[in-house]
Amino acid sequence: MQLPAGLRTPTTIVLGDRLERNLGSMAAFASDSGIALRPHAKTHKCAEIARRQVALGAVGISVATVGEAEALCRSSSDPDDVFIAYPLWPAPDLVVRLRALAERRRRDEAGDRDAVKVIVGVDSVKSAELLSPLAGVVGVSIEIDCGLRRTGVRPDDSVGLLGVARAIEKARLDLVGAFTFPGQSYAPDGQTAAAADEAAALLQATEILGSEGFAVLDDRFVRSGGSTPSARYSSPSALTEMRPGVYVFNDAQQVELGVATMDDVALVVAATVVSRPAPGRVVLDSGSKVLGPDRPAWVSGHGRLMDWPDARIVGLWEHHAVVSFDGVEERPPDLGEIVAVVPNHVCTAVNLVPELTVVNCAADGEAGDIVETWAVAAGGKNR
Ligand SMILES: Cc1ncc(COP(=O)(O)O)c(C=O)c1O
């Protein structure tokens, strides 16, 4: 891959053509499956990408925090429908901010105004009670645990599930759906089983709610699931909505899982070879402060090199990535050479930088042009 000349490193680069292809491909898959797409914006944190997703048919965006929603639903060209897919703890300051977000009037150049539709995740009676001042202002979705054992009510815990649903009803909040995250898809060969868990959990929870008279047969009741590894196995009879996020860029984890190929990776960190201390060992100026520290046990390194798929980052310090070329046939890069590094987990890598440099890579291997820079508007918005 020929990166643009004259780059200062490390620089986090979006490969624009590949991004467009990934966006279009997931949008087409969702549309063909009859499942609404509500991409998780915690991956890219960029208004420019959120707008593209909506233009391609997304019903809105998902986020993890109120701060992300505030940053990405700012102007009238931004998404106006946001799901905070997280069991927020509705502390008083967050209740104030949620109201302001939902009542945010946004003016565009033509002077039009609109408000933001806000949905909040809930998985406890107490949080439903605390959200009651927002009755008529935000919608809520009950989180179901489909096997990740993170947050959410177990779908077979009918007492717990109905308790949360009744608390929502008592608080006069609008129950708009149920959601789950099949994060167990992040395991070798775990994708189809995770999608099956997700479908079963959403259907079971819906049945329990329906049996007690909750309006789950209403067309507007959303059964929301989705992770990037399991997205293509989503069940259209169980899900009405999916929330993959990583698919926009992909990363070394997705490549390792076989969910994406190197050709599908649309974000790299340009890094310079600063040392070649031993044969088969190369050190880059991109450490954990730009690549992110994530390395699940099943991943074979701390990241990959786009043009040396068999090389592995075997050591990661704050400002050093040590790459092993053991057993790699191709010649390692020279001192001073700039290489494209694929982070393990793109969401944490994006969150570490203030902006993304967008490049269009020429298909013939010619050096790409820098097209623009996009602010990581929701970067660091952890609350
Ligand atoms: C609640 C929730 N929904 C959707 C996603 C998006 O999944 P992925 O990161 O696999 O694209 C995540 C990711 O962490 C999540 O936590």
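Because the structure is a prediction, the values reported are computed rather than measured. Remember, it's 1-based here, ligands and their atoms both numbered in the order they're listed. Start at 1 with the first residue, then count along the sequence.
- Here the protein heavy atom with the shortest distance to atom 14 (O) of ligand 1 is Lys42 NZ, 3.2 Å.
- Contact of the Ser25 side chain with the Arg232 side chain is registered, since non-hydrogen atoms from C-beta on lie closer than 4.5 Å.
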Between side-chain atoms of residues 199-208 and protein atoms elsewhere (two or more places apart, or another chain), which donor-acceptor pairs fall under 3.5 Å?
residue : atom : partner : partner atom : Å
Thr206  : OG1  : Leu202  : O            : 2.5

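- Shortest contact from atom 12 (C) of ligand 1 to any protein heavy atom: Phe181 CE1, 3.3 Å.
- On a distance-only criterion, Thr43 and ligand 1 share no N/O pair closer than 3.5 Å.
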Distance-only donor-acceptor hits, side chain of residues 262-270, under 3.5 Å, sequence neighbours excluded:
residue : atom : partner : partner atom : Å
Asp264  : OD2  : Thr261  : N            : 2.8
Asp264  : OD2  : Thr261  : OG1          : 3.1

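- Using a 4.0 Å cutoff on heavy atoms, Pro229 counts as a contact of ligand 1.
- In this structure, the protein non-hydrogen atom closest to atom 3 (N) of ligand 1 is Arg243 NH2, 3.0 Å.
- The Gly245 neighbourhood of ligand 1 comprises atoms 6 (C), 8 (P), 11 (O), with distances under 4.0 Å to a heavy atom of that residue.
- Ligand 1 has Arg150 within reach: a non-hydrogen atom of the residue lies less than 4.0 Å from it.
- No side-chain donor from either of Arg8 and Thr357 sits under 3.5 Å from a side-chain acceptor of the other.
- Ion pair Glu70/Arg97 flagged as a salt bridge, since at least one NZ, NE, NH1 or NH2 atom sits closer than 4.0 Å to an Asp/Glu carboxylate oxygen.
- Annotation for ligand 1: atoms under 4.0 Å from non-hydrogen atoms of Tyr186 are 8 (P), 9 (O), 10 (O).
- Using a distance-only test at 3.5 Å, with no hydrogens or angles considered, no donor-acceptor pair links the side chain of Arg295 to the main chain of Gly303.
- Checking Gln254, Gln191, His345 one by one against Tyr186, the side-chain hydrogen bond (donor to acceptor under 3.5 Å, both in side chains) holds for a single residue, Gln254.
- Interface of Ala85 with ligand 1, defined as ligand atoms under 4.0 Å from a residue heavy atom, comprises 1 (C).
- Taking every heavy atom of Pro244 and a limit of under 4.0 angstrom, the matching atoms of ligand 1 come to 11 (O).
- Under a 4.0 Å criterion applied to the non-hydrogen atoms of Gly226, ligand 1 contributes the atoms 4 (C).
- Residue contacts with ligand 1 do not include Ser62, since none of its heavy atoms lies under 4.0 Å from the ligand.
- Side-chain contact between Val164 and Asp123: absent, with no pair of heavy atoms (C-beta onward) separated by less than 4.5 Å.
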